[in-house]
Amino acid sequence: MLAAGRLRQRIRIERPQADDSFDGAGSSGWTLVAEVAAEVQDMLPSRGERLADGLNIATRPARVRIRWRDDVTAAMRFVMGTRVMQIVGGPAELGRREALEFMVETYSTAGGEA
């Protein structure tokens with residue numbers, strides 16, 4: 001169902017790694033799960049801006065498809081180069097365990113420079 005020719009991008013799948021040290025409360029990092037081939041398709045432009053604590057935040061939604069894996073959850077994130085994509089929907093199974101599809105968003109501050 002998911003042709004290899006459509007998987008043109010390489011993405012990193014990362015999971016959150018909590019800091020269990022005594023003085024590391026509230027700090028965490030990300031651990032690499034795998035680097036896989038993917039199809040990343042940006043959604044059509046829309047008014048994807050909102051105001052959060054006085055900052056104008058712009059979202060860049062996209063759809064990500066990868067080959068079937070049973071170890072990817074919505075708590076993880078995808079990284080493609082410098083673009084960090086938070087999973088906001090999925091995983092949705094495509095076919096009979098042939099592929100997975102996720103809805104993701106990249107967040108950035110919007111507006112002019114001060």
Side-chain angles (χ1 to χ4, degrees):
M1 177 172 194
L2 189 60
R6 295 181 70 167
L7 304 175
R8 292 183 285 242
Q9 291 94 359
R10 298 287 297 173
I11 62 170
R12 295 169 42 102
I13 302 171
E14 297 180 347
R15 65 177 170 81
Q17 180 67 45
D19 187 349
D20 294 330
S21 66
F22 181 72
D23 60 349
S27 62
S28 63
W30 293 89
T31 303
L32 176 67
V33 173
E35 190 170 324
V36 299
E39 176 186 14
V40 179
Q41 186 176 49
D42 288 322
M43 302 304 288
L44 293 174
S46 66
R47 182 94 174 124
E49 296 180 3
R50 61 183 171 85
L51 199 60
D53 294 328
L55 275 177
N56 197 17
I57 304 296
T59 61
R60 182 177 169 192
R63 180 177 68 199
V64 176
R65 289 183 176 172
I66 61 173
R67 287 192 179 94
W68 170 264
R69 298 178 60 98
D70 62 359
D71 61 344
V72 183
T73 68
M76 298 178 177
R77 72 180 188 180
F78 301 134
V79 179
M80 184 175 69
T82 58
R83 183 177 176 185
V84 178
M85 298 172 277
Q86 300 298 322
I87 299 172
V88 295
E93 182 179 333
L94 302 177
R96 292 186 176 169
R97 293 190 170 195
E98 295 174 14
L100 294 173
E101 181 174 297
F102 300 86
M103 291 304 299
V104 299
E105 285 185 345
T106 304
Y107 298 97
S108 66
T109 55
E113 297 179 10

Of all residues at least two apart in sequence or in a different chain, which pass the side-chain contact (heavy atoms from CB on, under 4.5 Å) check with [X]?
X: V36; value: I11, I13, A34, I66, R69
X: D42; value: R60, A62, R83
X: Q9; value: V40, M80
X: E35; value: R10, R12

Fill in: ring pair (Phe, Tyr, Trp, His ring centres under 6.0 Å): pairs with one or both residues in residues 71-99, sequence neighbours excluded
F78-F102
Discussion item. Going by side chain to side chain donor-acceptor pair (under 3.5 Å), name the residues that satisfy it together with E105, two or more places apart in sequence or in a different chain.
Written reply: Y107
Worksheet entry | Set of residues satisfying side chain to side chain donor-acceptor pair (under 3.5 Å) with respect to R15, sequence neighbours excluded | Q17
Worksheet item: At what distance, to the nearest 0.5 angstrom, does CD of E101 lie from CZ of R63?
Response: 5.0 Å
Practice prompt. To the nearest 0.5 Å, tell me how far W68 CH2 sits from R96 CZ.
Written response: 13.5 Å
Worksheet entry | Flag side-chain contact, heavy atom, 4.5 Å: R65 against Q41 | no
Heavy-atom pair of closest approach, residues [X] and [Y]:
X: A75; Y: P16; value: O-CD, 3.5 Å
X: G90; Y: A74; value: O-CB, 3.7 Å
X: E93; Y: L100; value: CA-CD2, 4.2 Å
X: M76; Y: V72; value: SD-CA, 3.8 Å

Item to complete: Report yes or no: do V33 and I87 belong to one cluster of Ile/Leu/Val/Met/Phe/Trp/Tyr joined by side chain heavy-atom distances under 4.5 Å?
Response: yes
